[in-house]
Amino acid sequence: MRAVMAMCFCRLGSLNALGQTGASGFWRRWLGQALPSPDTIGRVACGVDLDGVRALGHHIYERLKRGKALAPPAHGLIAAILDGHELHATYKRHCPGCLERRIQTAGERIQYYHRVVAISLAGGDLRLMLDAEPILRGEDEVAAALRLLDRAIKDYPRAFDLIQGDALYADPRFFNWAIDHGKHAMAVLKDDRRDLIQDANRLFEDQPPSSIKETNVLRECWDLEGFTTWPQVNLPVRVIRSVENRSTRRQLDGQMHTQATNWMWVTTLPKLHASTGAVVRMGHRRWDIENQGFNELVNQYHADHVYRHEPTAMLVFWLLTQLCLNAFVAFFTRNLKPAAKKKLSMLHVARLLLAQLYLPLARAPT
Ligand SMILES: [Zn+2]
């Protein structure tokens, strides 16, 4: 596991690239022994105890919590954000954990893929990827998310105040889970909840919007609670609509350009606990976190790479990559001095780590 973590920290992206560094003196210092072969690492990953990997993630969370690094944002609420991510898709090899879908190309072909649901915490200035759960055959993303939440509420009972997701999570199972566990829920509201949207829009017509101005965005917001048009949810819900005009200067001609977007969210959060502005900020933060979290994991940390096509190994590599991203972001944001943070990018610091691995190789005779 230590070898894989070093691979993730250095963003090497493959076990073969890791194997090529075997002669580096770094490994004896880090592992106390020689680096195992790529094949051995892949084989061992298939049998790794997932609870042990998750306990390691929990340890990082506890350390950050104790160090007061996980303070909530100004509105006082920490959201746990759920989102699905596809690890890879192929027409060729498949394993017992593969999901299947039929793709119409020049005929019908079966495509095999793996997908996980991940849960992240949106704290004040830090986001933390807590855990992940594979979507199994015959179930949808929300079912896997609920299994993940059942574990998260045991492992991190007080870490979050509400659970949040995209339009897929405007689902009664998700909302009722929150209500049953003393948490709040929030999701993007889209066409598939037509009755609720129609009901809300009808009432919003009679209500003047409130304006919220930020640096380059003007938001006109409508916000009402007490909707019972979604009877499968065990409590009345609140609907917020935000029509946003964002001004940006176009690079091409230097002219100011305004772009309008329309957002709707549904939540169990009462106005008493979260103002309109707080809900809108949380709605947009979810989007940022999903994008940043997954983009970084995939583009910088190669989390989509199939190191070993086996269900446990794939989850182990994903969880370890999440863990390394957490540790690295925490180190960068909390340990580096402000002057260093201003001067150095995260990528630069990652390359300094990589240098530790490669420098002994460059010095060694070939
Ligand atoms: Zn598979």
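Counting convention: from 1, in listed order, for ligands and their atoms alike.
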For D191, check salt bridge (charged side-chain N to carboxylate O under 4.0 Å, His left out) against everything at least two apart and list the hits.
-> none
Ion pair present between R54 and D155, side-chain N to carboxylate O less than 4.0 angstrom?
-> no
Would you mind listing every salt bridge (charged side-chain N to carboxylate O under 4.0 Å, His left out) that reaches into residues 60-73, with sequence neighbours excluded?
-> none
Enumerate the protein N/O/S atoms at a distance below 2.8 Å from the Zn ion (ligand 1), ignoring waters.
-> C95 SG, C98 SG, H114 NE2, H309 NE2
Could you note down all residue pairs passing salt bridge (charged side-chain N to carboxylate O under 4.0 Å, His left out) where residues 251-277 supplies at least one of them, sequence neighbours left out?
-> R250-D253
Determine the interplanar angle of the H58 and Y61 rings, folded into 0 to 90°, and report it as parallel if under 30°, tilted if 30 to 60°, perpendicular if over 60°.
-> tilted
Could you pull out the closest heavy-atom pair between Y169 and E141, with the gap in Å?
-> OH-OE2, 2.7 Å
